[in-house]
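Residue numbers run from 1 in the order of the sequence given.
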Amino acid sequence: MALRPSMPPTASELISAVNHPLRRRILLAYLDGSVECASAKELAEATGQRVGQVAYHLKTLARGEILRPVRQGGRSQARGEAYGWTLGV
C-alpha cells in the first residue's frame, strides 16, 4: 500500500487495511468502546498477541487512515511509551 500525501485512501486500500483478523479485532475494540487510546503494548495484552505483531498491524491501519498515533502523557510515558493509537476516522 503506497502512501500518497494529501490523498485519502482508496476503497481497495481501506478494504485491504481491515482484511486481516487481528486488524479487525483491534478495530472492534475501538468501535465497541473498550479502547479509546491505547499503546501497542496495551493492545497486545488485550488481544493476547506479541507487541511487534500488533505494532505492525497498527501501522497498517494508520496507512489506511483508520487509526492515528497520538502523544500520550502520564502513565504510558513512565513505561517508555510516548504515544498511543486512536481512531483516525
Side-chain angles (χ1 to χ4, degrees):
M1 187 179 333
L3 291 177
R4 294 180 323 261
S6 73
M7 291 186 69
T10 65
S12 64
E13 288 170 333
L14 288 172
I15 291 168
S16 178
V18 297
N19 196 30
H20 188 280
L22 181 53
R23 288 182 215 143
R24 286 192 301 269
R25 284 177 57 202
I26 291 168
L27 186 55
L28 286 173
Y30 285 93
L31 295 175
D32 73 9
S34 303
V35 174
E36 188 172 315
C37 182
S39 68
K41 181 178 179 181
E42 292 167 333
L43 288 166
E45 291 170 358
T47 59
Q49 303 296 315
R50 294 186 324 269
V51 174
Q53 184 179 16
V54 169
Y56 169 81
H57 290 293
L58 290 170
K59 290 173 188 173
T60 301
L61 289 166
R63 280 193 304 270
E65 299 180 12
I66 297 166
L67 293 181
R68 63 183 170 86
V70 293
R71 300 240 357 115
Q72 285 187 315
R75 62 180 175 80
S76 291
Q77 282 186 333
R79 294 190 314 233
E81 298 171 34
Y83 66 95
W85 296 87
T86 190
L87 282 177
V89 292

message: Would you say that Leu43 contacts Val35 through its side chain, given a criterion of any heavy-atom pair below 4.5 Å between the two side chains?
response: yes
message: Quick check: closest heavy atoms across Tyr56 and Arg23, and the distance to 0.1 Å?
response: CE2-NH2, 3.9 Å
task: Evaluate the side chain to side chain contact (heavy atoms under 4.5 Å, CB included) criterion for residues Leu14 and Ile66: first the C-alpha distance (whole Å), next the side-chain angles of each, then the deciding distance (0.1 Å), finally the verdict.
output: CA-CA 8 Å; Leu14 288 172; Ile66 297 166; 4.0 Å; yes
Ser39 backbone acceptor or donor facing Glu42 side chain under 3.5 Å: yes
message: Just so I know, are the side chains of Thr10 and Ile15 near enough to count as touching, which here means a heavy-atom distance under 4.5 Å?
response: no
- prompt: Sequence neighbours excluded, which residues qualify as side chain to side chain contact (heavy atoms under 4.5 Å, CB included) partners of Arg25?
  reply: Leu22, Thr47, Gln49
field: Taking every non-hydrogen atom, the tightest pair across Trp85 and Ala40
entry: CD1-N, 4.2 Å
- prompt: Looking at CG of Leu87 and CZ of Arg68, how far apart are the two atoms once the value is rounded to the nearest 0.5 Å?
  reply: 9.0 Å
field: Over 12 non-hydrogen atoms of neighbours within 6.0 angstrom of CZ in Arg24
entry: yes
Check: Ala17 main-chain N/O paired with Thr60 side-chain donor or acceptor under 3.5 Å: no
Verify same cluster id: Val70, Leu67 (apolar side-chain graph, 4.5 Å): no
task: Kindly write out the residues that satisfy side chain to side chain contact (heavy atoms under 4.5 Å, CB included) with Ala44, not counting sequence neighbours, or none if the list is empty.
output: Val51, Val54
- request: Please collect all ring-ring contact (aromatic ring centres under 6.0 Å, His included) contacts where either partner lies in residues 10-54, sequence neighbours excluded, each pair once.
  value: His20-His57
